[in-house]
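In what follows, residues are counted from 1 in the order of the sequence shown. Predicted, not measured: the structure shown is a model, and the values here were computed from it. Computation of the quantities below employed the complete heavy-atom set of this structure, encompassing side-chain atoms and omitting hydrogens, waters and symmetry-equivalent molecules.
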Amino acid sequence: MTKKIAFVGLGGMGGGVVKNIALKGGDVTALDLDAEKIKVAEGFGAKRGTTPLEMAADCDVFAVCISTAEAVQKMALGAGGVLDHMKKGAIFLDHTTVSVAHVDKMRAECDARGLRYCEGPMTRTPIHADKGQVNILFGGDEDLLEELRPTFDCYAENIFHVGPAGHAIRLKLIHNFIAFANVAAFCEGFALAAREGLDMSKVISIISAAGGKSGMMDLYGEKTLQRDFTPHMSLANAQKDVRYYTEWLGDAGLPGFMADSVHQTYALASIMGHGEEGCTAVIKAYEELTGVVARLED
């Protein structure tokens, strides 16, 4: 790897990405609002970043993996944004799960400045990121993918070229909506089962052996009933992703009955104080409304 990489955002996914780039010899400079996370990255061989603007002026790839589309645009656009400090021909790599409108805007803004834009939303969990086993959905030109592949190979098990910029986030939002709708559904079902006094061990074993089985239930179903709400994917981030999906659905002129319902379910749980817990803490909203607790017996 010969590219100088500036990486902003050392959260659950970004921290693992930077760790694996550094451990495999990549030239990566890292920055985060949390100074402790920067220290951890330095321990793996990453360089400490100064400011996004200084990093942008001295890199071949400026990568971001932060909270929202709005946060990315605040950093990238406007007077003094990082796009105006990047070298001509440099690459802006967006690993953040953002909105469809954001990707379309960022691509146009990069084109206007002679920069190359690509999107790489990731799937799987921070555990996979730590092990260098994320999935990357790449949206951008084929030659750009090949240019970045040696870097991606440091932290991705699978790299899917979805199509041009804009296609990857569209597929990611569809994926996340289906995943989080599934979580909302099984949490609602678990709460009802608990209220009716069903044996929760039988509930989860029978559902998992039939048509209700899903990837999200495999990941989080038993943990939910064990009361483990570790925020591998926070409820607030789930709400954000479903909001972006719902907005896009409306812009596309399609009805969003299910999307609105799922979004409001997560919004309610967030308002009730569970936003920083794992996405399955949505069950707590049902429990607080019904006075039950869904758990496996010890």
Side-chain angles (χ1 to χ4, degrees), residues 8-9 11-14 33 64-77 94-109 117 119-126 135 137 139 162 165-188 214-216 219-220 224 229-286 288-289:
V8 177
M13 299 297 277
L33 294 174
V64 292
C65 188
I66 55 179
S67 56
T68 65
E70 294 81 4
V72 175
Q73 289 189 28
K74 183 176 180 180
M75 180 188 300
L77 303 178
D94 204 340
H95 273 316
T96 308
T97 299
V98 291
S99 66
V100 168
H102 165 88
V103 170
D104 295 342
K105 181 177 180 62
M106 287 295 297
R107 178 176 53 187
E109 295 283 353
Y117 178 82
E119 45 160 357
M122 296 178 282
T123 61
R124 293 187 169 172
T125 70
N135 292 331
L137 311 184
V162 179
H167 283 202
I169 197 58
R170 285 167 166 83
L171 182 52
K172 175 69 184 294
L173 290 177
I174 291 169
H175 166 275
N176 280 15
F177 166 69
I178 293 171
F180 295 133
N182 184 266
V183 169
F186 73 64
C187 284
E188 182 177 295
S214 70
M216 292 301 276
L219 281 172
Y220 298 122
T224 301
F229 301 107
T230 304
H232 300 300
M233 167 58 76
S234 74
L235 191 150
N237 274 335
Q239 181 192 352
K240 179 259 298 185
D241 292 356
V242 177
R243 172 171 64 86
Y244 287 153
Y245 174 85
T246 302
E247 291 170 352
W248 170 38
L249 199 66
D251 290 342
L254 294 176
F257 306 113
M258 291 185 64
D260 288 338
S261 177
V262 173
H263 179 241
Q264 290 304 316
T265 298
Y266 282 97
L268 174 63
S270 185
I271 289 169
M272 294 172 76
H274 306 299
E276 299 309 310
E277 299 179 77
C279 61
T280 62
V282 71
I283 198 171
K284 292 186 176 182
Y286 291 106
E288 289 166 28
L289 291 170

What one should report as the nearest heavy-atom pair of Lys240 and Thr97 is NZ-O, 2.7 Å

Charged N-O contact under 4.0 Å between Arg170 and Asp104:
yes

Mind checking whether Phe180 and Tyr266 have parallel, tilted or perpendicular rings, split at 30° and 60°?
perpendicular

Heavy atoms, side chains only, cut-off 4.5 Å: are Lys105 and Leu77 in contact?
yes

What heavy-atom pair brings Asn176 and Asp241 nearest, and what distance separates the two atoms?
ND2-OD2, 2.8 Å

Any donor-acceptor N/O pair, Glu119 side chain to Val103 backbone, under 3.5 Å:
no

Do Lys284 and Glu277 sit within salt-bridge range, that is, some charged N less than 4.0 Å from a carboxylate O?
yes

Rounded to the nearest 0.5 Å, how far does CD of Gln239 lie from OG of Ser270?
4.5 Å

Return the OG1 to NE2 distance between Thr280 and His232, rounded to the nearest 0.5 Å.
9.5 Å

Check the surroundings of atom CE in Met272: do more than 12 heavy atoms from other residues, nucleotides or ligands lie under 6.0 Å from it?
yes

Considering non-hydrogen atoms only, spot the tightest contact between Met75 and Ile66 and give its length.
CE-CD1, 4.1 Å

Would you say that Leu173 contacts Val100 through its side chain, given a criterion of any heavy-atom pair below 4.5 Å between the two side chains?
yes

Apply side-chain contact (heavy atoms from CB on, under 4.5 Å) to residues Tyr244 and Thr68 and explain how you reach the verdict.
CA-CA 10 Å; Tyr244 287 153; Thr68 65; 3.4 Å; yes

Which atom pair, heavy atoms only, marks the closest approach of Ala165 to Tyr117?
CB-CD2, 4.1 Å

Side chain to side chain, Thr123 and His175, heavy atoms closer than 4.5 Å
yes

Which pair of non-hydrogen atoms, one from Ser214 and one from Asn182, has the smallest distance, and what is that distance?
OG-OD1, 2.7 Å

Any side-chain heavy atom of Val72 sitting closer than 4.5 Å to one from His102?
yes

Compare every heavy atom of Ala259 with every heavy atom of Leu249, then report the nearest pair and how far apart it is.
CD2-CB, 4.0 Å

In the structure I gave you, are the side-chain heavy atoms of Thr96 and Ser67 within less than 4.5 Å of one another anywhere?
no

Give a yes or no on whether the backbone of His263 and the side-chain of Tyr245 come within a donor-acceptor separation of less than 3.5 Å.
no

So, do His274 and Val282 sit near enough that their side-chain heavy atoms are less than 4.5 Å apart?
no

Does Tyr220 offer a backbone N or O that forms a donor-acceptor pair with the side chain of Thr224 under 3.5 Å?
yes

Flag if over 12 foreign heavy atoms under 6.0 Å of CG, Leu33:
no

Would you call Glu70 and Lys74 a salt bridge, taking side-chain N to carboxylate O under 4.0 Å as the test?
no

Looking only at atom types and distance, does a side-chain atom of His95 sit under 3.5 Å from a main-chain N or O of Pro121, one as donor and one as acceptor?
no

Starting at NE2 of His167, measure out to CG of Leu171 and round the result to the nearest 0.5 Å.
10.5 Å

Would you say that Ile169 contacts Trp248 through its side chain, given a criterion of any heavy-atom pair below 4.5 Å between the two side chains?
no

